[in-house]
Amino acid sequence: MSDVKGPERPSQRIDDVGGVILAGGRSSRMGTNKALLLMNGQRLIDRVAGVMRGIFQDVAIVGCEPGTYAELNLPCVPDLLPGKASLGGIYTGLSVSRFSRSFFAACDMPFLSETLIRYLVQLEPSADVVIPRTREGLQPLHAVYSSRCIPFIQKLLSGSRLKIIDFFHQVDVREVGEEEMRRHGWRCTSFLNINTPEDLARALEIGRGKRVGP
C-alpha cells in the first residue's frame with residue numbers, strides 16, 4: 001500500500017476521483033425530502049454540494065430525476081435499479097462515473113470535513129474501499145469506493161441484499177479509525193446525518209455553536 005501524498009492546497013480540486021452525493025433515500029422517518037431541509041437558511045444538499053465541489057472537479061447527485069436540483073448545476077442521475085436503497089445508489093454512482101474511484105457522501109450530512117475527505121481519498125489508492133470506523137461502527141455513506149466493487153455489489157442487489165458492508169469480505173478494505181482521523185480533520189459531528197426531527201434539532205444546536213454530544 002502506498003503512503004499518503006503531501007497535503008494539497010485547499011483550492012486544488014481533485015481531478016482523478018469522482019464525488020457522488022447520494023440523494024435517493026425515502027426519508028420515511030423524517031416525512032419529507034431530507035435534502036431540502038433548511039439549516040440556517042441553507043438546504044442540506046446545498047451544504048453537502050458546497051463542500052464536495054470544493055474538493056472534486058466532478059460531482060454528481062445520484063438517486064434523483066434530472067432537473068430535480070437544477071439550480072445546483074450538477075449532473076442528476078436516477079438510480080439504475082430503483083428501490084435498492086443506498087447500496088443501489090453506490091452501484092449507480094460507480095457504474096456511471098468516468099473514474100475508477102469515487103467518494104460517496106449522503107445528502108443529509110451537514111458537517112462534512114473537507115480535510116478529512118481529502119485524507120480519505122489520498123490514503124490508499126489501491127484499496128477497493130476506504131472507510132471510516134468510529135465507536136458506532138463503519139461509515140459506509142462517507143467512504144471511497146472503487147469500480148472493482150461493482151460485480152460484488154451487483155451480486156448482492158440481484159439477491160435483494162441491501163446491506164452495504166456485506167460485500168466487504170470480498171474486496172480490499174482500508175478502515176480508518178478515530179485516532180487516525182482525528183489527526184486529519186475528523187470531528188464528532190463529521191458523520192452526523194439527519195434521519196429524524198430530533199437529528200435536525202441536534203444539528204441546529206450544533207450549527208448555533210452549542211456543544212452537543214462528545
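All values below were derived from every heavy atom in this structure, side-chain atoms included, with hydrogens, water molecules and symmetry-related copies excluded.
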Does anything in residues 148-157 form a side-chain hydrogen bond (donor to acceptor under 3.5 Å, both in side chains)? List the pairs, not counting sequence neighbours.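 Of all non-adjacent pairs touching residues 148-157, those that pass side-chain hydrogen bond (donor to acceptor under 3.5 Å, both in side chains) are Y91-Q154, D128-R148.
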Using 0.5 Å steps for rounding, measure from the [atom1] atom of [X] to the [atom2] atom of [Y].
X: E179; Y: R183; atom1: CD; atom2: CZ; answer: 5.5 Å
X: R13; Y: R118; atom1: CZ; atom2: CZ; answer: 10.0 Å
X: D172; Y: S126; atom1: CG; atom2: OG; answer: 6.0 Å
X: L37; Y: D199; atom1: CG; atom2: CG; answer: 10.5 Å
X: I153; Y: L81; atom1: CD1; atom2: CG; answer: 11.0 Å
X: L74; Y: I45; atom1: CG; atom2: CD1; answer: 8.0 Å

Pair R43 + E71: basic N to acidic O under 4.0 Å: yes
For a side-chain contact (heavy atoms from CB on, under 4.5 Å) check, start with the C-alpha distance between I117 and L112, then their side-chain angles and the critical distance, and finish with the verdict. CA-CA 8 Å; I117 294 171; L112 294 175; 4.2 Å; yes
Walk me through it: do L192 and R202 pass the test side-chain contact (heavy atoms from CB on, under 4.5 Å)? CA-CA 10 Å; L192 175 66; R202 179 170 182 251; 3.3 Å; yes
Given 3.5 Å as the limit, does a donor-acceptor pair link the side chain of [X] with the main chain of [Y], or not?
X: S113; Y: G185; answer: yes
X: E180; Y: V176; answer: no
X: T92; Y: G88; answer: yes
X: Y145; Y: P140; answer: yes

State, to 0.1 Å, how close [X] and [Y] come at their nearest heavy-atom pair, and which atoms those are.
X: S190; Y: M109; answer: O-CE, 4.1 Å
X: K163; Y: L156; answer: O-CD1, 3.9 Å
X: S146; Y: L94; answer: O-CD1, 3.6 Å

Pairs satisfying salt bridge (charged side-chain N to carboxylate O under 4.0 Å, His left out), at least one member in [range], at least two apart:
range: residues 78-91; result: none
range: residues 85-112; result: K34-D108, D58-R98
range: residues 87-96; result: none

Does any part of the side chain of [Y], heavy atoms only, come nearer than 4.5 Å to the side chain of [X], both counted from C-beta?
X: L80; Y: S95; answer: yes
X: S97; Y: V20; answer: no
X: F111; Y: R47; answer: yes
X: L22; Y: I90; answer: yes
X: I164; Y: S86; answer: yes
X: L141; Y: F104; answer: no
X: L157; Y: F152; answer: no
X: C107; Y: I61; answer: no

Going by salt bridge (charged side-chain N to carboxylate O under 4.0 Å, His left out), name the residues that satisfy it together with E178, two or more places apart in sequence or in a different chain.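 Per chain and number, E178 pairs via salt bridge (charged side-chain N to carboxylate O under 4.0 Å, His left out) with R135, R182.
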Is there a chain of hydrophobic side chains (I, L, V, M, F, W, Y, each step under 4.5 Å between heavy atoms) that links [X] to [Y]?
X: I21; Y: F99; result: no
X: I150; Y: V173; result: yes
X: L38; Y: L200; result: no

Does H142 have any ring-ring contact (aromatic ring centres under 6.0 Å, His included) partners at least two apart in sequence or in another chain, and if so, which? F103, F191
